[in-house]
Structure formats: structure tokens, C-alpha cells
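Note sheet for the following structure.
Below, chains carry the letters A, B, ... as their sequence lines are ordered, and counting in each starts from 1.
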Amino acid sequence: MTNIRTRFAPSPTGFLHVGGIRTALFAHLVARQAGGTFVLRFEDTDKKREVEGSAEHLIASLAATGISYDEGPDKGGDYGPYIQSQRLEIYQKWAHKLISAGRAYADPYSSAEVQAFREQAQANKKAFLYRDHRPENPPVWDGTQPLRFKSDPKAYTWHDEVMGDITTGPEVIDDLILIKSDGYPTYNFAHIVDDSEMKITHVIRGQEFISSMPNFLNLYDALGVSWPLFAHMPHIMNEQGNKKLGKRDGAKDVLDYIRDGYLPEALISFIATLGWNDGTTKEVFTHDDLVTGFSLARVQRSGARFDEKRLLWVNGHFIRELSLDDLYDKAHDFWPEQASKADDAFKKRVLQLVQDRLKTLADLPMMTTYFFEEPSIDMSLITNNKQLKKLDVQARNEYLQATYDCLAALPEWTAESIQAALNELLETTGQKPGVLFSLIRIATTWAQFSPQLNDTLELLGKDITLQRIKTAIDAR
RNA sequence: GGUCCCGUCGUCUAACGGUUAGGACACCAGGUUUUCAUCCUGGCAACCGGGGUUCGAUUCCCCGCGGGAUCACCA
């Protein structure tokens, strides 16, 4: 174990979308590759925004995507509690240190008064700075007023592991609120206290915090806490690329992707390469690849768009890479209802035939139902088929009858013997495979598409194949 | 508007002063004696603009332009 400690600190206000998962993943990878520790912490200091059940949901999302952590609300650890609302005394203690050092004071104004200051500044076309209104003799803090930080405005230059060196002037530093009038700390204050107490070495979070960095730095200094390493992730943008991906514009819950048949490993590979690559032409990464190859230095500085088409390709890729047994395990919840009575061996063979065709596990029903129940006849498949629409009913039935006779005579029912019989049929009828095979395929599956014909018939079995051909002949 | 960040094919990206600017997704065409998919082959397609620095700039600097983030008793 090294002393590298990273954390993921979401607030339990909803679900986790790909942006959140990526931040968690990167923090997790930094810890894992260094043999360090990854901690989960809930930042629930805004009770108004808290969403019932979302803490559990967040934990489930991390579990589902294989992002493991070593310390957290449900795991414990040496630096708990890992829920901010249970750490209120700790913030009080640090707040009082600041007060006695003369670096924090009670805010005597009402929020309406502060708002008035703000509007006044706006009217004068000046940036609003609370410290321009810093009271000369603030009241003693009794916990009912907000507690403000007495900032020490100055220029800062700091290094960001992703963004590089950043410099700002004193004009962006202000007296921000440390503890709200409801007794809860703000993010600004609490995360610094917690990261310090929890010995966090790398603060990895979204880019939206960069603009607050000078204020944070000023607070670190006043608190006498040494700066950790910082890494701010570029945003994942929406599909139009015009703003950061948010829940408002269709950002999906990662658990929904799992429900929709995406493999966790595909999701992880895709999300990792949204803003990161290893410098080679490698396109997909396993978790192990990422643990060894990931580096903050190679994270992109600009935002990346979320491209569903690429995710779909990555998912198909991972599905094809899976062994049949692994795929079978993962596909467990995705079979069509009609398959419930089928046995494992048969389902496995079906799965083997469609493995190359699956883009998501959820494609399974659409591709396999006719293996488990009698398909309903859909003549439009024939009448809309550009090869078959030219055949009249009589010709069609003659071909089907010839197929029936030929297959019925087969002593042995294997993919090879079926193929041999079909080839022979091609010769005796003088018909093109495009016509004959399409006809047989549709007559036996009534599906838009299906695996290779001989494999399909073999798996269907001789009896069902013959019976379906017969039914097709009788149909009109 | 102030502040900060960013700017290579439609999209994700490679390139760390010298390349016919590479790969992948998507798209298009062809092949693998049926469909769909896989797989293979080929194709289309990019350095935001203008100045510098340099023998030489996609790459370094400056100015524009464009995009994003942030300016809460939210995180």
C-alpha cells in the first residue's frame, strides 16, 4: 500500500450519469494503479436537495460498473464517518479555529440585504464582492448567522494534473460562506476539512470547480492545510456538443445502461476513452488495461461529446469477445419470456448463433423468439422481398414442397448434411440461392433476419423445420 | 459582462518543429455462393482565422474569432 488516497464525493441528490461515473473511475484508477486507497464520501450538506434512496442508488451504480472503493459509508474505515451530515462537530471545531485566528466572522446581513448589494454592484457594472461590504464589527457568531471566511485576496498560480498551470488574480477571491445559517457547512469548507482529515492526496473532480480554486487555495492556507494534488476533468458534453452533459438534457442513469443491455466493462472502456487515451491506437480497454495504463497527464483538456453510436460499437465488441459461458451468464435476464421453458443447453446454442449479431443484450428477444415459439406468419416479408416478390404462389409452394421432400429424406440432421441437401436443391431446382434460401429462411423463421440458414434449421430440429415448411405452404 | 479553460476529419482522438497529418466510430462501395450481423478490402473526410518566431510551423508566442465553465446560505 502506498499513501496515495483518492476519493469520490458525490452528493446524494439523484442518480449517477456517465460524467459522474467517469470522475469516479479516474479517481479509482489513480488509487488502484498506485496500490493506494480509494474512498467514497457522501456530501449531504444540502438537505433540501437530498433525494430519498439516492445514496443506495449511487452505491449500486458503483458496484454495477465495478468501481470498487476501500473506505466509505457502507464500508467503514479509519477516517469515518464518511457522510458529511455526521461530521458536524468536526466542522465546528475547524470553524472555531478559524474564528480564534481572526479568519472567520458572523455575517450580520440578511440574504435580502446581500442580494441588494449584489444588484447594486450589477447596476454599477461591477463584479459583486461580498468583502467590499465586510462588516467592521461583526457580531459574535451564535450559529444562527452564516459564518464567513475572512479572505486574504491575492494572486495564485497552481498546477493542475490535467489542465496544467493556472494563474488567477486577487479579484476572484471573496469571503465565502463556511457554515450556513442552518448549521451545515458549505461544500467549500467541508470538502477541504474532510480531504485533510481523510488524508486525501489527489482531489479529482469536475472542471466546474476550477473557478473556485483560488478561493479554496486561500482557505487551505488559512486553515494551515497543505494543498493536495488537483486534477480537474473536462466535461462530457451532450450529443450536440453545446453544453456539459446534464440530467436535464438526456443524461442517462448508468444503471439504465446496464438495464438496457450494455456490459459494465464496455461502459467503463467507453467512458475512459472519452477524454483519455494511452497514446497508442488501442481502442478498447479492460479494467486491468486501465489500471496499468491510465494517467492523468494524458487526460484531454477539452470536453468530449457523448456518442451513443460508438458506445454501441464498443458494447458489441465486448459481447463478441466474451466466451459463450460468460455471455450466457450475463445474458441471463435478457431472454424473451418464451425462452423460460427452454433448457440451458438449447439456449446456449441459440446464443452462440446470435453472439456476433448482438449490439446489446437487450437485442436478444428480437433475434431469438422464433427459436422458442411458433412465429406468426407475416406474408409481407415475402411480398416486400425484392428477390421473392417475383415468385407467384404456385412457384413458391413448389419450391417449399421440394425443400420439404428433400429435408424429410435426410437420414441425419446436422448443419453439414442440411447444407449438402440445400446445395443439391439448388441444382435440381436451378434456382439462385438468393431466392431459394431467402424463401426457406422466411418460411421457417418469419423473421426480418436470422443466422445462417443451415445452422438455424439444425437448431430448430427436423420436426419443427418440416412442420413450419408445411404450415408455410398452407398459408396464404 | 468579469474571471478561467479549451479549439485536428461529422464524432472520439494520435502527433511532443520536418509525416502523403495516423487510428477508431459513423457513413459509402465491394468481397465472404440467402437475409441481418461478424470479418476482410477500399473510399469520403480535419489542423478556427490573422500576424509573428524559425531554414521550416498543426505543434512555440501574440491578437482576433468560436465554444465551454463559473460568478449561491448548490455541490
Under a 4.0 Å threshold between the charged nitrogen and the carboxylate oxygen, would A:Glu43 count as salt-bridged to A:Arg7?
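Salt bridge: no.
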
Between [options], which nucleotide gets closest to the side-chain atoms of [X]?
| X | options | answer |
| --- | --- | --- |
| A:Lys243 | B:rC6, B:rA14, B:rG68 | B:rG68 |
| A:Arg310 | B:rC25, B:rU13, B:rG23 | B:rC25 |
| A:Glu171 | B:rU11, B:rU34, B:rU3 | B:rU3 |
| A:Ser211 | B:rC25, B:rU33, B:rU70 | B:rU70 |
| A:Thr186 | B:rC39, B:rC4, B:rA75 | B:rA75 |
| A:Thr281 | B:rU35, B:rG23, B:rU3 | B:rG23 |
| A:Arg298 | B:rC73, B:rA15, B:rC6 | B:rA15 |
| A:Asn188 | B:rA75, B:rA69, B:rC25 | B:rA75 |
| A:Arg301 | B:rC6, B:rU34, B:rA75 | B:rC6 |
| A:Ser111 | B:rA37, B:rG68, B:rC73 | B:rC73 |

Within the 4.0 Å heavy-atom criterion, would you say [X] contacts the bases, only the backbone, or no part of the nucleic acid?
| X | value |
| --- | --- |
| A:Pro214 | nothing |
| A:Gln145 | nothing |
| A:Lys359 | sugar-phosphate |
| A:Asp107 | nothing |
| A:Ala304 | sugar-phosphate |
| A:Phe209 | base |
| A:Thr167 | sugar-phosphate |
| A:Thr168 | sugar-phosphate |
| A:Thr280 | nothing |

Find the distance A:Asn277:CG to B:rU8:C1' and express it as a whole number of Å.
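Taking CG of A:Asn277 and C1' of B:rU8, I get 13 Å after rounding.
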
Watson-Crick or G-U wobble mate for [N], both contacts under 3.5 Å:
| N | value |
| --- | --- |
| B:rG1 | B:rC71 |
| B:rA14 | none |
| B:rA29 | B:rU41 |
| B:rU8 | none |
| B:rU19 | none |

Side chains of A:Tyr187 and A:Asp46: do they bring a donor and an acceptor to under 3.5 Å?
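On atom types as modelled, these side chains do not qualify, holding no pair under 3.5 Å.
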
Report yes or no: do A:Asp194 and A:Tyr91 form a side-chain donor-acceptor pair below 3.5 Å?
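Present: a donor and an acceptor within the cut-off.
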
In whole Å, measure the gap between the C1' atoms of B:rA15 and B:rG22 for me.
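Rounded to whole Å, the distance is 8 Å.
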
[X] side chain N/O closer than 4.0 Å to the phosphate oxygens (OP1, OP2) of [N]?
| X | N | answer |
| --- | --- | --- |
| A:Arg118 | B:rA72 | yes |
| A:Lys309 | B:rC12 | no |
| A:Arg441 | B:rU35 | no |
| A:Ser212 | B:rU70 | no |
| A:Lys244 | B:rC6 | no |

Counting distance alone, no hydrogens or angles: does the base of B:rC12 have a donor or acceptor under 3.5 Å from a partner atom on the side chain of A:Thr273?
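In this structure, the two groups form no donor-acceptor pair.
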
Looking at B:rC12, does its base get a donor-acceptor pair with the side chain of A:Arg305 below 3.5 Å?
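A donor-acceptor contact between them is absent.
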
Any donor-acceptor N/O pair, A:Asp363 side chain to A:Thr360 backbone, under 3.5 Å:
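The answer is yes, because a donor-acceptor pair under 3.5 Å joins these two groups.
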
Could you check whether any side-chain N or O of A:Arg131 sits under 3.5 Å from a backbone N or O of A:Ile173, counting only pairs where one atom can act as donor and the other as acceptor?
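Indeed, once roles are kept as given, a pair shorter than 3.5 Å links the two residues.
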
Is A:Lys348 close enough and on-axis enough to A:Tyr328, meaning under 6.0 Å and within 45°, for cation-pi?
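Positive - A:Lys348 is close enough to the ring of A:Tyr328 and near enough to its axis.
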
Toward the 5' end of RNA chain B, by each residue's nearest nucleotide, A:Ala447 or A:Gln84
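So the residue in question is A:Ala447.
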
Point-to-point distance, once rounded to the nearest 0.5 Å, from OH of A:Tyr69 to NE2 of A:His28
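It is 11.0 Å, given to the nearest 0.5 Å.
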
